[in-house]
2 protein chains.
Amino acid sequence: MSTTGRGLHGRVLDTLGPEITAGEYPPGSVLRTDELAQRFDVSRSVMREVVRVLESMHLVESRRRVGVTVLPSREWNVYDPQVIRWRLAGADRPRQLRSLTVLRSAIEPVAAGLAARNATAEQCAELTECALGMVAHSRGHKLEGYLFHDVAFHRVILTASGNEMFARLGDVVAEVLAGRTHHDVMFEDPDPAAVTLHVQLAEAVRARDAARAERLTREITEGALQELDILAP
Amino acid sequence: MSTTGRGLHGRVLDTLGPEITAGEYPPGSVLRTDELAQRFDVSRSVMREVVRVLESMHLVESRRRVGVTVLPSREWNVYDPQVIRWRLAGADRPRQLRSLTVLRSAIEPVAAGLAARNATAEQCAELTECALGMVAHSRGHKLEGYLFHDVAFHRVILTASGNEMFARLGDVVAEVLAGRTHHDVMFEDPDPAAVTLHVQLAEAVRARDAARAERLTREITEGALQELDILAP
DNA sequence: GTGACGAATAAGTCTGACTTTTTATGCGAG
DNA sequence: CTCGCATAAAAAGTCAGACTTATTCGTCAC
């Protein structure tokens, strides 16, 4: 599931990145490239590349004669998929999941409204297909199959919106949905009301009813907020 | 205004990054590290660091025996502030500005609603201060001063929402607002209605009226959409 | 046509020397 | 005692070159 994997450089990043995002080094901590290279048993060249990437994510700042300083989390590029993954794997997973769910509640209704205007016939077909898949896996502990179609559904919506910024959140939504299914409590079958809403949403998009699509999505995301005990606006 | 600047590495990035995001190399194009190093007159070490950063932004992919392949824009980390800046500086600035304005229209109303619940007394004070600043600079071609307070206003709203994902969009909103003032048509004074809305919004937040704050912000962002001839939902 | 083997290629890695910037220290002057 | 300047030290930045490794492509045998 890890994206980086490839190469020595990636392996070091996969260790150091999570450590930093987990807050193991408080903001202002100073790391030395040489020490890190020694610790990970890699050359300074590799270590420098790692530091450069961390720097581009605004996790650290590298200054001469000082070292590599860990930045406060307020500076981090929290939209970087890599950073999101690291944080979801770490200790403040719950907080992260809440932040992302609130983000979803802002983005997805608007995206659905746009999708209702811009979706191609093919995308409409995909949407109903996904909704049917959700229905088919909504009973009898078929959680994995349900999740698969749920993720695909939201991905299509975001893509069909025609807005690249929205489309790029597909992975984020996938992580959030997967997180709910795997880590949090969801032993039972999914809420039947949610399934119905998805079916209706697919229909609304195909009918080019933007207002209805937006309203239905708002109901869906409000459900997601309530699951995390976040009071709905 | 450029963030990278520092070091040889940063200067190369500031040239190559914009070239890629401007679409100068079509997706699938292959660059060679050695050639690039020669072109920029830097060592391969430096060039490798640059490639690593571009790779972490998903602008390129580096594969052995093949070279550095430019990825399609659909893959790019479009939320990376660096990437956003590069794209805003390039040819598809208008498209980018539209995407970001739509994003604003989704995020800011929700953020304002949360701000009305979570804002501290100090943040409320800042907000009214900014609103007053906007009023003071709303007549007589004081566009720069108006912009300054406008940016500060929206930054406070996003921060006060208490959601880190929203807070991180402060820079993006700043870029969009600055873009409108500097590049697009805005020779005259700002729309008086918009100014009023900001004043009312500051008031709504202080009064802890989330619904009203959200509604007012929706009006503000709808105005921004209309300025770019984007049909409002 | 297919499969395997081998050669070419470009990225990946390591090492060690050197440069540059920034900070701290310490000395001397006031 | 304090201020300021010069000097030294520390860590990142840069470079050059040699070597390794994975991948692809071409060729040859079957």
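Note that the structure is predicted; figures quoted are calculated from it, not measured.
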[X] side chain: which of [options] is closest?
| X | options | result |
| --- | --- | --- |
| B:Ser43 | D:dA16, D:dG13, C:dT23 | D:dA16 |
| A:Thr33 | D:dA12, C:dG12, C:dT15 | D:dA12 |
| A:Arg52 | D:dT23, D:dT14, D:dA12 | D:dT14 |
| A:Arg65 | D:dA12, C:dT23, D:dT23 | C:dT23 |
| B:Arg32 | C:dA10, D:dT14, D:dG13 | C:dA10 |
| A:Arg44 | C:dA17, D:dT14, C:dG12 | C:dA17 |

Exercise for review: Remember a base hit wins even if backbone is also touched, and classify B:Ser45 as base, sugar-phosphate or nothing at under 4.0 Å, heavy atoms.
Suggested key: base

Check your understanding: When we call it a touch if two heavy atoms are under 4.0 Å apart, what does A:Arg48 touch: a base, just sugar-phosphate, or nothing?
Key ->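 Touches a base.
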
Exercise for review: Find which nucleotide of DNA chain D each of B:Val66 and A:Gly67 is nearest to by heavy atoms, and output the residue with the more 5' nucleotide.
Suggested key: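 Checking each residue's closest nucleotide, the 5'-ward one belongs to A:Gly67.
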
Check your understanding: Mapping A:Leu31 and B:Val42 onto DNA chain D by nearest heavy atom, which one lands closer to the 5' end?
Key -> A:Leu31

Atom pair distance, as rounded to whole Å: [atom1] in [X] and [atom2] in [N]:
| X | N | atom1 | atom2 | answer |
| --- | --- | --- | --- | --- |
| B:Asp34 | D:dC15 | CG | P | 14 Å |
| A:Arg11 | C:dG12 | CZ | P | 13 Å |
| A:Arg63 | C:dA24 | CZ | C1' | 14 Å |

Practice item. Could you tell me how the ring of B:His154 sits relative to the ring of B:His198: parallel (under 30°), tilted (30 to 60°) or perpendicular (over 60°)? Key: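 Answer is perpendicular, since the angle exceeds 60°.
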
Exercise for review: Decide, yes or no, whether a salt bridge links B:Arg39 with B:Glu19 under the criterion of side-chain N to carboxylate O below 4.0 Å.
Suggested key: yes

Review point. Do A:His137 and A:Glu144 come close enough that some side-chain heavy atom pair is under 4.5 Å?
Key: no

Exercise for review: For B:Tyr25 and B:Val30, indicate whether the former's side chain and the latter's backbone hold a donor-acceptor pair under 3.5 Å.
Suggested key: no

